[in-house]
**Q** 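The structure's right below; bear with me while I get my questions together.
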Amino acid sequence: MGKKTGFLEYTRQDDPQRHPLTRLKDYDVFHLSLDEAQRRRQGARCMNCGVPFCLSAIKIKGRVTGCPLHNLIPEWNDEIYRGQDRNALERLLKTNPFPEWTGRVCPALCEKACLCGLNGEAVTIRDNERFIIETAFAKGYMQPQVPAVRSSKRVAVIGSGPAGLSVAYALNACGHQVTVYEQEKRAGGLLRYGIPEMKLAKNIIDRRLEIMKAEGIQIMTGTKVGRDISQSELDAAYDAIVFCCGARKARQVAGVDLAVSGVMMAVDFLTAAMHDLEENKCPVQAKNKRVIVVGGGDTGNDCVAMCLRMGAKQVTQLEMMPRPSNQTKTPWPEWPVGEKVDYGQQEYRSLYHHDPRLYETTIEKLVVEERMLKGAYLVRGNMINGQWQVKAGSEQFLEADLILIAAGFVGVEDSLAEQFALPLSRHHTLLTNEAHYQIVQSHYFAAGDCHRGQSLVVWAIAEGLACAKEVDNYLKNKK
Ligand SMILES: Cc1cc2nc3c(=O)[nH]c(=O)nc-3n(C[C@H](O)[C@H](O)[C@H](O)COP(=O)(O)OP(=O)(O)OC[C@H]3O[C@@H](n4cnc5c(N)ncnc54)[C@H](O)[C@@H]3O)c2cc1C
Ligand code: SF4
């Protein structure tokens with residue numbers, strides 16, 4: 001523990017953000033950084049608890065609190081305070097191969113379990129994590145680590161999201177020959193084509209991909225498994241195949257017809273916007289439009305932020321659940337309840353001085369003329385005995401030119417599972433041996449969202465690393 005009284009002397013200081021009204025003018029990242037001296041003081045706030053809950057990942061009332069990667073948080077906080085940046089990096093990379101992603105997009109499950117938060121404010125663990133890895137890149141510590149010995153085993157990974165890249169990273173480090181197949185033009189999965197640029201700049205992904213390629217990992221982009229390469233070709237060429245193909249099957253909304261011009265799935269909208277930015281085109285699908293975003297969660301929030309930047313005339317976000325109360329304080333270290341105001345909603349509030357969300361509201365039916373969207377009838381309602389029931393007389397018409405469906409995901413897309421005859425769970429995810437990653441009696445494995453359902457980057461990495469360990473054992477025992 002670097003400074004015994006750090007948690008008493010220093011208060012929490014978050015990384016600053018660009019002002020919402022300024023950042024709405026571009027697609028640049030909205031996070032800024034503290035200066036070095038301030039950051040080291042934030043490291044000194046860690047109390048180095050006897051039982052560090054921050055790295056525990058315990059489940060309380062169905063929700064995990066603490067880091068799923070079991071990052072050695074107190075150790076690297078101490079190294080930050082002492083200015084030992086190389087040591088901090090070494091401790092961080094022991095558990096997390098990609099801290100530059102989690103350090104930007106993770107909802108910081110660790111901070112909810114930080115003991116400082118019991119009687120004050122948690123340590124800025126996520127920002128500290130980002131500081132370690134960015135310092136390492138700046139000082140040239142991040143160099144390719146080519147394995148000294150190669151095995152003769154070949155592994156195919158399907159999907160280049162955080163799960164697939166974690167599997168590839170870990171198996172390559174074991175000496176196996178790894179090829180990642182990705183259907184999109186560029187690698188990264190939802191890191192690249194889901195999470196918007198302003199939250200995670202895409203050069204941060206590219207920088208890492210260069211290192212991985214130099215370490216010997218082959219990444220075949222623009223190659224859709226099942227279309228450009230068949231099951232029999234893969235089976236013949238590889239000793240193990242790992243499915244990390246995500247869980248992109250979107251939940252449909254009753255009363256909404258996707259065939260109507262002006263209705264889109266949120267992820268397709270965000271992906272198209274990211275493709276435009278990639279080609280240096282300014283994304284404009286929402287320009288001058290009245291937009292309804294169906295879904296009050298994180299994806300819906302990303303859509304609000306994107307639409308505001310594109311110059312939408314009006315943005316309304318619908319949430320079926322009631323507005324969470326900020327009155328009840330959740331006991332530490334439970335995941336806190338209460339209304340979350342994410343960056344897109346913050347930006348909307350700065351612009352219009354109220355929140356974009358309508359709670360306990362959804363779409364009842366679309367209004368369409370000559371297959372063009374004119375608007376939608378909204379209804380209010382609430383949950384009664386687990387069923388959402390409409391309040392009589394609550395129907396209200398809202399004009400709209402664009403409706404984005406961000407109502408969550410319901411498992412893997414059908415095509416790959418069907419082509420490979422993969423077993424599915426009741427949640428429509430790939431079914432593996434209980435508590436493991438191997439698909440029963442085969443050389444197939446699964447990790448990430450396609451295995452656990454739509455989740456978080458940190459879980460995709462955790463699953464990828466655990467799965468790689470299992471694949472490595474399988475390969476070692478394979479004649
Ligand atoms: C809009 C949005 C915003 C999000 N924001 C956050 C956030 O801020 N923080 C956070 O922690 N999590 C966030 N998430 C969740 C997070 O992005 C996912 O949990 C994570 O990316 C899952 O990783 P994965 O590798 O399992 O799958 P994915 O990232 O979905 O990657 C799967 C990859 O497989 C490829 N693929 C699929 N089929 C084939 C095929 N047949 N052949 C070749 N390639 C194929 C896909 O093209 C894709 O690149 C967000 C999700 C969405 C949708
Ligand atoms: S990966 Fe997420 S939960 Fe783990 S230490 Fe980093 S910010 Fe916290």
Side-chain angles (χ1 to χ4, degrees), residues 54-55 57 64-73 76-77 92 95-96 98-99 101-114 122-130 132-133 156-167 180-196 199-200 220-229 243-248 250 265-267 269-271 274 297-303 306 342-343 406 408-409 412-413 415-417 419-420 429 446-464:
C54 58
L55 54 78
V64 169
T65 175
C67 178
L69 290 166
H70 308 299
N71 277 347
L72 303 168
I73 297 163
W76 41 258
N77 274 331
L92 177 55
T95 53
N96 186 355
F98 306 122
W101 302 337
T102 48
R104 288 176 166 83
V105 306
C106 186
L109 292 76
C110 51
E111 294 184 19
K112 316 307 181 274
C114 168
V123 173
T124 54
I125 300 172
R126 183 188 48 209
D127 292 349
N128 290 2
E129 184 178 13
R130 187 164 80 241
I132 296 171
I133 187 69
V157 178
I158 305 174
S160 69
L165 292 178
S166 300
V167 171
V180 180
Y181 290 95
E182 171 55 55
Q183 62 187 356
E184 293 282 356
K185 252 199 280 182
R186 303 179 78 175
L190 285 171
L191 290 172
R192 188 181 295 278
Y193 293 118
I195 301 176
K199 211 169 163 190
L200 176 64
M220 310 284 286
T221 50
T223 312
K224 182 171 176 150
V225 172
R227 181 192 65 195
D228 304 318
I229 180 161
F243 290 84
C244 296
C245 48
R248 298 258 197 119
M265 284 298 178
V267 173
F269 168 80
L270 292 169
T271 302
M274 298 316 297
D298 296 345
T299 304
N301 168 73
D302 287 332
C303 290
M306 216 25 131
D342 213 332
Y343 73 103
F409 299 86
V412 291
E413 287 167 318
S415 55
L416 209 54
Q419 281 169 1
F420 281 75
T429 51
D449 279 4
C450 68
H451 179 240
R452 68 180 288 123
Q454 184 70 222
S455 183
L456 295 171
V457 170
V458 65
W459 277 115
I461 297 173
E463 288 230 335

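Order of appearance sets the numbers: ligands from 1, and atoms from 1 within every ligand. Every heavy atom of this structure was used, including side-chain atoms; hydrogens, water molecules and symmetry mates were not. Quick caveat: nothing in here was measured; it's all calculated off a predicted structure.
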**Q** Side chain or backbone, does V225 bring an N or O within less than 3.5 Å of an N or O on ligand 1?
**A**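 Looking only at distances, the answer is yes, because the N/O contact criterion of under 3.5 Å is met.
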
**Q** Of all the atoms in ligand 1, which lie at a distance below 4.0 Å from a heavy atom belonging to A460?
**A**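 The atoms of ligand 1 under 4.0 Å from a heavy atom of A460 are 22 (C), 23 (O).
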
**Q** Evaluate P107 for polar contact with ligand 1, using N/O atom pairs at a separation under 3.5 Å.
**A**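 The answer is no, given that P107 and ligand 1 share no N or O pair closer than 3.5 Å.
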
**Q** If we ignore hydrogens and angles and just use 3.5 Å, is the side chain of E182 paired with the main-chain N or O of S160 as donor and acceptor?
**A**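 Yes: the side chain of E182 pairs with the backbone of S160.
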
**Q** If you count the atoms of ligand 2 from 1 in the order shown, which ones are under 4.0 Å from a heavy atom of T102?
**A**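 It comes down to these atoms of ligand 2: 1 (S).
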
**Q** Which of the atoms in ligand 2, numbered in the order shown and given with their element, are less than 4.0 Å from a heavy-atom of L109?
**A**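 The list of qualifying atoms is 3 (S).
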
**Q** Identify, by atom number and element, the atoms of ligand 1 in contact range of L416, meaning under 4.0 Å from any of its heavy atoms.
**A**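 In order of number, 41 (N).
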
**Q** Is ligand 1 under 4.0 Å from a heavy atom in the side chain of F409, in the backbone, in both, or in neither?
**A**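 Side chain only.
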
**Q** Name the closest protein heavy atom to atom 2 (Fe) of ligand 2, giving the residue it belongs to and the distance to 0.1 Å.
**A**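 Closest protein heavy atom to atom 2 (Fe) of ligand 2: C106 SG, 2.3 Å.
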
**Q** Of all the atoms in ligand 1, which lie at a distance below 4.0 Å from a heavy atom belonging to V267?
**A**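 Reading through ligand 1 atom by atom, the close ones are 53 (C).
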
**Q** Before signing off on this row, confirm whether V105 and ligand 1 have an N or O atom pair separated by under 3.5 Å.
**A**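 Yes, at least one N or O pair falls under 3.5 Å.
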
**Q** Mark up the atoms of ligand 2 that fall under 4.0 Å of a heavy atom belonging to I73, in ascending order.
**A**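 Matching atoms, with element in brackets: 5 (S).
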
**Q** Does ligand 2 have a heavy atom under 4.0 Å from the side chain of L55, from its backbone, from both, or from neither?
**A**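 Answer for L55: neither.
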
**Q** Nearest non-hydrogen contact with atom 3 (C) of ligand 1 belongs to which option: D302, D298, T299, V457?
**A**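 Nearest heavy atom to atom 3 (C) of ligand 1 lies in D302.
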
**Q** Which bit of R227 is near ligand 1, meaning a heavy atom under 4.0 Å away: side chain, backbone, both or neither?
**A**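 The answer is neither.
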
**Q** For G164, is there any backbone N or O sitting under 3.5 Å from a side-chain donor or acceptor partner on S166?
**A**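 Checking the backbone N and O of G164 against the side chain of S166, no donor-acceptor pair under 3.5 Å is found.
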
**Q** Is the closest basic N to carboxylate O distance between E184 and R192 below 4.0 Å?
**A**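 Between R192 and E184 there is no salt bridge, as every charged N stays at least 4.0 Å from the carboxylate O atoms.
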
**Q** I want to know if ligand 1 touches K224 in the polar sense, i.e. an N/O pair below 3.5 angstrom.
**A**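 Among all N and O atoms of K224, none is under 3.5 Å from an N or O of ligand 1.
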
**Q** Is there any N or O on S455 that sits under 3.5 Å from an N or O of ligand 1?
**A**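 Yes; at least one N/O pair falls below 3.5 Å.
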
**Q** Please state which part of L270 comes within less than 4.0 Å of ligand 1, counting heavy atoms only: side chain, backbone, both or neither.
**A**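 Under 4.0 Å from ligand 1, L270 contributes side-chain atoms alone.
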
**Q** Can you list the ligand 2 atoms lying under 4.0 Å from a non-hydrogen atom of V458?
**A**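 Contacts of ligand 2 toward V458, numbered from 1: 1 (S).
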
**Q** Of all the atoms in ligand 1, which lie at a distance below 4.0 Å from a heavy atom belonging to L456?
**A**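 Numbered from 1, ligand 1 contributes 10 (C), 11 (O), 12 (N), 19 (O).
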
**Q** Is the side chain of T429 donor-acceptor paired with the backbone N or O of R452 at a distance under 3.5 Å, no angle test?
**A**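 Between the backbone of R452 and the side chain of T429 there is no qualifying donor-acceptor contact (under 3.5 Å).
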
**Q** Under 4.0 Å from any heavy atom of G189, which atoms of ligand 1 are there?
**A**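 Listed by number with element: 29 (O), 31 (O), 48 (C), 49 (O).
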
**Q** Check each heavy atom of C244 against ligand 1 and say whether those closer than 4.0 Å belong to the side chain, the backbone, both or neither.
**A**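 Answer for C244: backbone.
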
**Q** With respect to atom 51 (C) of ligand 1, which of E184, Q454, Q183, E463 exhibits the smallest heavy-atom separation?
**A**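 Considering heavy atoms of E184, Q454, Q183, E463, the nearest to atom 51 (C) of ligand 1 sits in Q454.
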
**Q** Is the contact between C110 and ligand 2 made by the side chain, the backbone, both, or neither, using heavy atoms and a 4.0 Å cut-off?
**A**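 The answer is both, backbone and side chain.
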
**Q** Within less than 2.8 Å of atom 2 (Fe) of ligand 2, any N, O or S from C67?
**A**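 Coordinating: no.
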
**Q** Before signing off on this row, confirm whether L190 and ligand 1 have an N or O atom pair separated by under 3.5 Å.
**A**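 Checking ligand 1 against L190, an N or O pair does fall under 3.5 Å apart.
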
**Q** Which heavy atom of the protein is the closest neighbour of atom 7 (S) of ligand 2, given with residue, atom name and distance?
**A**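 Result: E129 OE1, 3.3 Å.
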
**Q** Considering both backbone and side-chain atoms of K199, is one of its nitrogen or oxygen atoms within less than 3.5 Å of a nitrogen or oxygen in ligand 1?
**A**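 By distance alone, the answer is yes.
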
**Q** Mark the output for H451 as yes if a heavy-atom distance to ligand 1 is under 4.0 Å, and as no if none is.
**A**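 Under 4.0 Å: no for H451.
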
**Q** Starting from atom 5 (S) of ligand 2, find the nearest protein heavy-atom neighbour and note its residue, name and distance.
**A**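 Answer for atom 5 (S) of ligand 2: N71 ND2, 3.3 Å.
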
**Q** With respect to atom 21 (O) of ligand 1, which of P162, A447, G164 exhibits the smallest heavy-atom separation?
**A**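 When every heavy atom of P162, A447, G164 is considered, P162 comes closest to atom 21 (O) of ligand 1.
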
